[in-house]
**Q** 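Just passing along the structure, written as structure tokens.
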Amino acid sequence: MTELPRYEYVKLADAIEADIASGKLPQGAALPGERAMTDLYRVSIGTVRRAVVELRKRGLVATLPAKGTYVIGMPETADDSPGESEPKG
């Protein structure tokens, strides 16, 4: 069975999530504006807007009206299982 193609906005959201995970976009960092992201990633403004919505759904960014979009969280990894790294005592 062949893999289904991913939408452009999902690819963009995944790329930004990777930047957040790598520390390139640390918590509290502002994402570039919509117009800047269209030039940076060479996608339409609609794709940028849908990618930002996707990142908000993932809990990675928050948008403040007239202020911008900021990184608020880090992607969860499989190693983030609760209780395993906590000391016993």
**Q** CZ/Arg49 to OG1/Thr63 distance, rounded to the nearest 0.5 angstrom?
**A**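 Arg49 atom CZ to Thr63 atom OG1 measures 11.5 Å (nearest 0.5 Å).
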**Q** If we only count heavy atoms from C-beta on, is the Asp14 to Lys11 side-chain gap below 4.5 Å?
**A**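 They are not in contact (no side-chain heavy atoms under 4.5 Å apart), so the answer is no.
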**Q** List, by chain and number, the other hydrophobic cluster members for Leu40, where Ile, Leu, Val, Met, Phe, Trp and Tyr join if side-chain heavy atoms come within less than 4.5 Å, directly or indirectly.
**A**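 Cluster partners of Leu40: Leu12, Ile16, Ile20, Leu25, Leu31, Met37, Tyr41, Val43, Val48, Val52, Leu55, Leu60, Val61, Val71, Met74.
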**Q** So that I can tick it off, tell me whether Glu54 and Arg58 are bridged by a salt bridge, with the cut-off set at under 4.0 angstrom between side-chain N and carboxylate O.
**A**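 Between Glu54 and Arg58 there is a salt bridge, with a charged N closer than 4.0 Å to a carboxylate O.
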**Q** Are there more than 12 heavy atoms of other residues, nucleotides or ligands under 6.0 Å from atom CZ of Arg35?
**A**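 No, the 6.0 Å shell around CZ holds no more than 12 heavy atoms from other groups.
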**Q** Check the surroundings of atom CZ in Arg50: do more than 12 heavy atoms from other residues, nucleotides or ligands lie under 6.0 Å from it?
**A**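 No, not enclosed.
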**Q** Any idea which heavy atoms bring Ala30 and Tyr70 closest together, and the distance?
**A**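 Result for this residue pair: CB-CE2, 3.5 Å.
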